[in-house]
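Shown next, in structure tokens, is the structure this report addresses.
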Amino acid sequence: MKESKQYKIFKVFNVCILLIIIFCTLYPFINVVAQSFSSESYINSGQVNLFPKGFNVETYQKVLSDTMFWINYKNTVVYTVVGTIISMFLTTIFAYTLSKRRLVGRRFLTVFAVFTMFFNGGLIPNYVLINALGFANSMWAIVIPGAISIYNMLIMKSFFENMPEELEEAASIDGLNTYGILLKIVLPLSKAVIATMVLFYAVAYWNSWFSAFIYLDKKELFPVTIYLRNMIAGTTSGMSAGATSADNLTQISANIKSVTMVLTILPILTVYPFVQKYFVSGVMLGSVK
């Protein structure tokens, strides 16, 4: 079928608009990477845009040689893995339970869950509760309070509701109980929404810093986001200044923000392409009834 002139013009216009959007989206990331490899004089004079100027890796060397950075990095990995596993377990069983229309009190439980999306106890009551439970200065203060995202749970609930009931009825006739149906029938057919929820939770835990800022006092327990926050705020230094010259400190202070941000987002950028194909299908399947 021959394309009309108007359609060809539309395609060209559409491509141009999309290229502009892509450039506007990527520019901040490229600029941060360029600054992380640039010299202090070019950064301070605002000459760094898309490419590094005065190529310099001194700040990378200082940050990567800092023991506390790697301790905090390890903490972030542990918090993300443990938190995501706990969140997926709780969210899945909660969503699957609420997806059953025959469940007694289903409407009440759904309304109660949605209520928590708009109202909470506040910062001070939460702090008192975390301390009373003995979670302060431990991993559980990070992974337990936000273990269930009601938004994610509702997406999974809608996904489970859209699955044919005949599948579960046939499995039940074959002798599977509720747990067998969930493990052997429902979850294998829910890879798209599970991958999407894993991505949501993992990114949330990886970027989380406020809970650690409130509930953790020991530096060796901080996630890497607190390390980054302290660098940006200028409240702490990630490396010893005693053995560093004044020129080196000037260079480090100029691009420490960009260097730490690059090192922090690398794992997420590495993992994201492998789960991106499930992202759209998972959200759409779980959100359209």
I'd like to check [X] versus [Y] (side-chain heavy atoms, cut-off strictly below 4.5 Å). Are they in contact?
X	Y	value
Val143	Met139	yes
Val262	Ser36	yes
Lys100	Glu161	no
Val186	Met163	yes
Asp66	Tyr227	yes
Phe210	Leu123	yes
Val224	Trp209	no
Tyr215	Asn126	yes

In this structure, would [X] and [Y] fall into the same cluster of hydrophobic residues linked by side-chain contacts under 4.5 Å?
X	Y	result
Leu18	Ile30	no
Ile22	Val32	no
Ile155	Phe118	yes
Phe29	Leu50	no
Tyr151	Val198	yes

Whether [X] side chain and [Y] backbone form a donor-acceptor pair below 3.5 Å:
X	Y	value
Asn137	Leu216	no
Asn152	Ile148	no
Asn75	Glu220	yes
Thr91	Met88	no
Thr92	Phe89	no
Ser38	Lys53	yes
Asn207	Val203	yes
Asn72	Lys219	yes

Give me the atom names and distance for the closest heavy-atom approach of [X] to [Y].
X	Y	value
Pro188	Leu183	CD-O, 3.4 Å
Phe159	Leu189	CZ-O, 3.7 Å
Ser99	Arg106	C-NE, 4.1 Å
Ala141	Ser211	O-CB, 4.3 Å
Ile185	Ala171	CG1-CB, 3.9 Å
Pro223	Ala212	CD-CB, 3.4 Å

Any chance you could measure [X], atom [atom1], to [Y], atom [atom2], to the nearest 0.5 Å?
X	Y	atom1	atom2	answer
Ile214	Ile142	CD1	CD1	10.0 Å
Phe23	Ile21	CZ	CD1	13.5 Å
Ser138	Lys218	OG	NZ	9.5 Å
Leu90	Ser149	CG	OG	12.0 Å
Met153	Thr97	CE	OG1	10.0 Å
Tyr201	Met197	OH	CE	8.0 Å

**Request:** May I ask you to check whether Tyr205 and Thr76 show a side-chain donor-acceptor distance below 3.5 Å?
**Result:**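 Judged by distance alone, the side chains do not pair up.
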**Item:** Donor on one side chain, acceptor on other, Ser208 and Tyr79, under 3.5 Å
**Value:** no
Would you say that more than 12 heavy atoms from the other residues, nucleotides or ligands in this model lie under 6.0 Å from the [atom1] of [X], or not?
X	atom1	result
Tyr27	OH	yes
Tyr127	OH	no
Ile124	CD1	no

**Request:** Using the side-chain contact (heavy atoms from CB on, under 4.5 Å) rule, take Gln35 and Val259 through it: C-alpha gap first, then chi angles, then the decisive distance, then the call.
**Result:** CA-CA 8 Å; Gln35 287 193 32; Val259 167; over 6 Å; no
**Sub-6.0 Å ring centroid separation between Tyr73 and Trp206** =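 Between Trp206 and Tyr73, which both carry aromatic rings, the centre distance is below 6.0 Å.
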**Asked** With a 6.0 Å cut-off on ring centres, are Phe37 and Phe55 close enough?
**Response** yes
**Request:** Quick one: do Trp140 and Val82 satisfy side-chain contact (heavy atoms from CB on, under 4.5 Å)? Show the steps, please.
**Result:** CA-CA 10 Å; Trp140 309 116; Val82 175; 4.3 Å; yes
**Request:** Please report the C-alpha distance between Asn177 and Ile181 in whole Å, then the side-chain angles of each, then the deciding distance to 0.1 Å, and finally whether the side-chain contact (heavy atoms from CB on, under 4.5 Å) criterion is met.
**Result:** CA-CA 6 Å; Asn177 57 20; Ile181 293 173; over 6 Å; no
**Asked** How far apart are the C-alpha atoms of Leu154 and Met117, what are their side-chain angles, what is the distance that settles it, and do they pass the side-chain contact (heavy atoms from CB on, under 4.5 Å) test?
**Response** CA-CA 11 Å; Leu154 292 176; Met117 295 179 65; 4.1 Å; yes
